[in-house]
Colleague: 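Below you'll find the structure I mean.
Positions are given from 1, in the same order as the sequence printed here. All figures in this text were calculated on a predicted structure; none of them were measured in a lab.
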Amino acid sequence: MKKNNENTNAFLIHISAFAGFMFPFGNIITPLIAWQTLKDRSPFLDEQGKEVVNFNISYTLYVFLLTLTFIPFAIGSIFRNNHNFWNNNHFNFDFEFDDLFGFIGLGSITGIVYLIGIALVIIASLKAKEGENYKYPFTIKFIK
């Protein structure tokens with residue numbers, strides 16, 4: 001396979017992670033399909049495909065765990081403000097500063113994680129286009 005074509009295919013495998021913005025788990029499914037169809041063409045494509053799939057599975061797991069940590073804060077703030085719900089039969093949606101700070105803090109962390117994920121995919125795509133073997137940070141090796 002020509003080197004330029006190989007680099008372009010590696011670029012497309014990396015950039016296909018943005019399909020996650022179009023359909024659920026597209027950031028995993030699309031690179032997985034691209035990697036499976038191209039992995040026999042060269043060792044470079046096989047290695048980059050594994051790296052992309054491992055990163056996107058790890059990234060999805062990290063975002064899921066971050067979301068799970070957000071749920072107790074949300075439920076706690078609702079119950080803290082509505083402890084007399086059964087007596088008054090109406091919800092009180094007044095959030096105190098502590099509740100608002102928790103929502104904004106966790107929302108900011110989630111936003112930063114999303115931006116880091118986008119930046120890493122772009123960096124990896126550009127490195128693959130140059131023919132460099134890029135390794136994503138904080139990636140769990142699900143596929144070896």
Side-chain angles (χ1 to χ4, degrees), residues 1-85 90-144:
M1 177 184 277
K2 290 171 39 181
K3 195 70 168 164
N4 191 20
N5 193 17
E6 185 178 284
N7 294 349
T8 302
N9 285 334
F11 170 81
L12 292 174
I13 292 172
H14 281 281
I15 210 77
S16 68
F18 287 128
F21 290 119
M22 295 188 187
F23 58 92
F25 298 108
N27 63 328
I28 298 171
I29 295 169
T30 310
L32 182 64
I33 293 170
W35 167 58
Q36 286 296 316
T37 57
L38 297 172
K39 71 178 182 179
D40 296 330
R41 293 187 184 180
S42 77
F44 178 69
L45 290 175
D46 184 36
E47 189 171 339
Q48 289 302 292
K50 287 177 188 176
E51 193 67 28
V52 172
V53 173
N54 283 331
F55 169 72
N56 285 304
I57 293 171
S58 301
Y59 178 72
T60 303
L61 180 67
Y62 297 148
V63 169
F64 177 72
L65 292 174
L66 215 102
T67 303
L68 283 180
T69 60
F70 179 72
I71 291 171
F73 288 106
I75 291 173
S77 65
I78 289 170
F79 283 118
R80 187 171 35 253
N81 291 331
N82 294 301
H83 58 277
N84 291 326
F85 170 74
H90 70 280
F91 272 113
N92 178 15
F93 286 107
D94 295 332
F95 286 104
E96 297 174 6
F97 179 74
D98 296 339
D99 300 330
L100 187 63
F101 184 72
F103 279 118
I104 291 172
L106 286 172
S108 298
I109 291 171
T110 305
I112 289 169
V113 168
Y114 274 109
L115 290 175
I116 289 171
I118 290 169
L120 287 174
V121 168
I122 292 171
I123 291 168
S125 300
L126 295 175
K127 295 282 186 178
K129 182 71 174 160
E130 298 295 319
E132 291 183 41
N133 194 4
Y134 185 77
K135 299 281 186 195
Y136 287 96
F138 307 112
T139 301
I140 302 168
K141 300 293 182 197
F142 293 103
I143 301 171
K144 297 183 185 217

Colleague: Hey, could you give me the OG1/CG distance between Thr139 and Asn54, rounded to the nearest 0.5 Å?
Modeller: 7.0 Å
Colleague: About how many Å separate CZ of Phe142 and CG of Asn56, when rounded to the nearest 0.5 Å?
Modeller: 11.5 Å
Colleague: How close do Val121 and His14 get, heavy atom to heavy atom, and via which atoms?
Modeller: CG1-O, 3.5 Å
Colleague: Measure across Phe44 and Gly131 and return the closest heavy-atom pair with its distance rounded to 0.1 Å.
Modeller: CE1-O, 3.8 Å
Colleague: Kindly determine whether Phe18 and Asn27 satisfy side-chain contact (heavy atoms from CB on, under 4.5 Å), including the steps that lead there.
Modeller: CA-CA 6 Å; Phe18 287 128; Asn27 63 328; over 6 Å; no
Colleague: Would you call Lys141-Glu51 a salt bridge at under 4.0 Å N-O?
Modeller: yes
Colleague: Are Leu66 and Tyr114 side-chain neighbours, meaning at least one heavy-atom pair lies under 4.5 Å?
Modeller: no
Colleague: Determine whether Ile15 and Leu12 satisfy the following criterion, side-chain contact (heavy atoms from CB on, under 4.5 Å), listing intermediate values before the conclusion.
Modeller: CA-CA 5 Å; Ile15 210 77; Leu12 292 174; 4.3 Å; yes
Colleague: Please work out which of the three classes, parallel, tilted or perpendicular, describes the rings of Tyr136 and Phe55, given edges at 30° and 60°.
Modeller: parallel
Colleague: To the nearest 0.5 Å, what is the distance between CG (Leu38) and CD1 (Ile33)?
Modeller: 11.5 Å
Colleague: Between Leu32 and Phe25, is the side-chain contact (heavy atoms from CB on, under 4.5 Å) condition met? List the steps.
Modeller: CA-CA 11 Å; Leu32 182 64; Phe25 298 108; over 6 Å; no
Colleague: Which heavy atom in Asn9 sits nearest to a heavy atom in Arg41, and how many Å separate them?
Modeller: ND2-NH1, 3.8 Å
Colleague: Once rounded to the nearest 0.5 Å, what's the spacing between atom CD1 of Ile123 and atom CD1 of Ile116?
Modeller: 10.5 Å
Colleague: Measure the spacing between NZ of Lys129 and OG1 of Thr8 and express it to the nearest 0.5 Å.
Modeller: 3.0 Å
Colleague: If I compare all heavy atoms of Phe11 with all of Leu126, which pair ends up nearest, and what's the gap?
Modeller: CD1-N, 4.5 Å
Colleague: To the nearest 0.5 Å, what is the distance between OH (Tyr59) and CZ (Phe138)?
Modeller: 14.0 Å
Colleague: If every non-hydrogen atom of Trp35 is compared with every non-hydrogen atom of Ile143, which pair is closest and at what distance?
Modeller: CH2-CG2, 3.8 Å
Colleague: Does the Lys127 side chain pair with the main chain of Glu132, one donor and one acceptor, at a distance under 3.5 Å?
Modeller: no
Colleague: Quick check: closest heavy atoms across Pro31 and Val52, and the distance to 0.1 Å?
Modeller: CB-CG1, 3.4 Å
Colleague: Check whether the side chains of Asn133 and Gln48 place a donor and an acceptor atom closer than 3.5 Å, and report yes or no.
Modeller: yes
Colleague: Can you confirm whether more than 12 heavy atoms, excluding those of Phe64, are under 6.0 Å from its CZ atom?
Modeller: no
Colleague: Walk me through it: do Ile57 and Ile140 pass the test side-chain contact (heavy atoms from CB on, under 4.5 Å)?
Modeller: CA-CA 8 Å; Ile57 293 171; Ile140 302 168; over 6 Å; no
